[in-house]
Amino acid sequence: MADLILPYDDAMSTEWNALVEGSRNGTFLHLRSYVEYHRDRFTDFSLVAVDKGRMVGALPANRKGDVVESHGGLTYGGWVVDEIMTLPKMAAIWDSMMQFLSASGVKRLIYKPVPHMHHRVPTEEDLFCLGSFGARPVRRSPMTVVDLQHGPQWQARRLRGIRKARAARVSVGESSDWAGYWQLLEETLRVRYDATPVHTLEEIALLRSLHPDSIRLFTATAGARVIAGVVVFESRRVARAQYIAASVEGKHQAALDLLFHELFTDVFASKHFFDLGTSDGQTGGQLNQSLVDFKEGFGGRTMVQDTYEVLV
């Protein structure tokens, strides 16, 4: 049984990171260097579970008034657990956590569990515990995911695009031209969606410097011009496309078709999944049909990412 729920403090960073690295379901997004890069925008309220003096669970979280989110600045949060976590132990952790939240004046918990494609072994004890406390789903986002180990079934139009890009002598590969790609990305988002990237160029450069092996840029070029690209967040089992964009020329030359073919068949071929991201916008609830069609053309199929609300 868990002895104690404690608020995270900086003296725990080494143990926290070691837990994440050896966990059943954690990724580099749970490391303190990633959680804390936007500490100026989120009031940290991370928790740890201790059993017999040893950290066995870590919950990245932030607080806004009487609401705790796990985590408002991350793609997914949820309890990250050690190798020997059991359902009875997780149930005890939830009991202790709910008591701790109540004593801290928290009224609601917003909980985003780690999607199961990131689990090294089944790790859904937290989902069972959610039901014990009357959790209700408040958002269900569709993720388009390619199963790389079973051969993605590309649509004919995507295969034609690969041939077209090769005929146009489009080149694809990893790139260090973050500034050039960010200019293309910002222009694409502004024109198509009247939006801006979640990360500024300065923020993504900082994150890249902290996690150089996990945050990578791949581009398609025509001559010296960047005409398409994608930022990939790489974890143990999953490569996730964080930002995808193509210029008018890039679309005409089907540059993304060739780029994703390279990523699926070569760069990330040993991964279990390639996550092409969600297609319901930042607020959720409205499916972007054209975006889903584009992603499914690469053989992607739907997994869902749920967000829950628990009244404390």
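In this chain, residues are counted from 1 in sequence order.
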| said: Under the criterion side chain to side chain donor-acceptor pair (under 3.5 Å), I'd like the reasoning laid out for Ser46 against Asp44: C-alpha separation, chi angles, the key distance, then a yes or no. | reply: CA-CA 6 Å; Ser46 298; Asp44 193 79; 3.1 Å; yes
| said: Pair Val232, Gln242 - check side-chain contact (heavy atoms from CB on, under 4.5 Å), show working. | reply: CA-CA 6 Å; Val232 176; Gln242 196 72 14; over 6 Å; no
When you measure from the side chain of [X] to the backbone N and O of [Y], does any donor-acceptor pair fall under 3.5 Å?
X	Y	result
Arg236	Gly26	yes
Arg208	Pro212	yes
Ser209	Leu206	yes
Asp126	Trp94	no
Tyr37	Leu207	no
Ser70	Lys112	no
Ser23	Asp82	no
Arg166	Leu258	no
Lys295	Val146	no
Ser247	Gly250	yes

Value rounded to 0.5 Å, distance of [atom1] in [X] from [atom2] in [Y]:
X	Y	atom1	atom2	result
Thr27	Tyr34	OG1	OH	9.0 Å
Trp182	Glu203	CH2	CD	9.5 Å
Ile244	Thr188	CD1	OG1	11.5 Å
Asn288	Asp280	CG	CG	9.0 Å
Met55	Thr14	CE	OG1	9.5 Å
Tyr308	Arg140	OH	CZ	6.5 Å

Count the heavy atoms belonging to other residues, nucleotides or ligands that lie under 6.0 Å from [atom1] of [X], then report whether that count exceeds 12.
X	atom1	answer
Arg169	CZ	no
Asp10	CG	yes
Phe128	CZ	no
Glu83	CD	yes

| message | The criterion is side chain to side chain contact (heavy atoms under 4.5 Å, CB included); which residues satisfy it with Arg160, sequence neighbours excluded? | response | Ala156, Arg157, Arg163
| field | Aromatic contact, Tyr111 with Phe133 (centres under 6.0 Å) | value | no
| Centroid-centroid under 6.0 Å between His71 and His38 rings | yes
| Residue from Tyr243, Phe274, Phe28 passing ring pair (Phe, Tyr, Trp, His ring centres under 6.0 Å) with Phe233 | Phe28
| What pairs with His261 under ring pair (Phe, Tyr, Trp, His ring centres under 6.0 Å), at least two apart in sequence or on another chain? |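 Applying ring pair (Phe, Tyr, Trp, His ring centres under 6.0 Å) to His261 gives Trp154.
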Please report the shortest heavy-atom distance between [X] and [Y], naming the atom on each side.
X	Y	result
Gly77	Pro60	CA-CG, 4.4 Å
Met85	Val56	CE-O, 3.6 Å
Ala135	Val310	CB-CG2, 3.6 Å
Leu185	Pro197	CD2-CG, 3.8 Å
Gln305	Met143	OE1-SD, 3.6 Å
Thr219	Leu259	O-CD1, 4.0 Å

According to the interplanar angle, ranging from 0 to 90°, do the rings of [X] and [Y] count as parallel (below 30°), tilted (30 to 60°) or perpendicular (above 60°)?
X	Y	answer
Tyr8	Trp16	perpendicular
Tyr76	His118	tilted
His119	His116	perpendicular

| Met98 and Val312: CA distance, side-chain angles, deciding distance, side-chain contact (heavy atoms from CB on, under 4.5 Å) verdict | CA-CA 6 Å; Met98 296 301 284; Val312 178; 4.2 Å; yes
Could you state whether [X] and [Y] fall into the same hydrophobic cluster, counting links through intermediate Ile, Leu, Val, Met, Phe, Trp or Tyr residues with side-chain heavy atoms under 4.5 angstrom apart?
X	Y	value
Val172	Phe294	yes
Ile110	Phe42	no
Phe218	Phe260	yes
Leu159	Phe298	yes
Val198	Leu217	yes

| query | With a 4.5 Å heavy-atom cut-off, do Ser279 and Thr144 have their side chains touching? | reply | yes
| field | Validation row: Val231, Trp178 side chains within 4.5 angstrom (heavy atoms) | value | yes
| request: Tell me yes or no: between the side chains of Arg32 and Ser13, is some donor less than 3.5 Å from an acceptor? | output: no
| remark: Hits for side-chain hydrogen bond (donor to acceptor under 3.5 Å, both in side chains) against Ser33, two or more places apart or cross-chain, chain-then-number order -> His211
| For Asp95, what residues pass the side-chain hydrogen bond (donor to acceptor under 3.5 Å, both in side chains) criterion, not counting sequence neighbours? |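 Listed in chain order: nothing, the list is empty.
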| request: Please test Lys271 against Phe264 for side-chain contact (heavy atoms from CB on, under 4.5 Å), starting from the C-alpha separation and ending with a verdict. | output: CA-CA 9 Å; Lys271 298 292 182 186; Phe264 292 176; over 6 Å; no
| remark: Applied to residues 211-233, the salt bridge (charged side-chain N to carboxylate O under 4.0 Å, His left out) test, sequence neighbours excluded, yields Glu174-Arg216, Arg216-Glu234, Arg225-Glu249
| message | Tell me whether Lys164 is salt-bridged to Asp257, with the criterion being a basic N under 4.0 Å from an acidic carboxylate O. | response |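 Asp257 and Lys164: not salt-bridged.
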| said: Using a strict threshold of under 4.0 Å (side-chain N to carboxylate O), is an ion pair present between Glu125 and Lys89? | reply: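 Salt bridge between Lys89 and Glu125, a charged N being under 4.0 Å from a carboxylate O: no.
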| task | Just do the side-chain contact (heavy atoms from CB on, under 4.5 Å) check on Thr75 and Arg240 with the steps written out, would you? | result | CA-CA 11 Å; Thr75 306; Arg240 175 183 170 88; 3.8 Å; yes
Extract all donor-acceptor atom pairs below 3.5 Å that involve side chains of residues 100-107 and protein atoms in other chains or at least two apart in sequence.
residue, atom, partner, partner atom, Å
Ser104, OG, Phe100, O, 2.8

| message | Assess the residue pair Asn17 and Glu21 against the criterion (side chain to side chain donor-acceptor pair (under 3.5 Å)); give the C-alpha distance rounded to whole Å, side-chain angles, the decisive distance to 0.1 Å, and a yes or no. | response | CA-CA 6 Å; Asn17 289 335; Glu21 295 285 7; over 6 Å; no
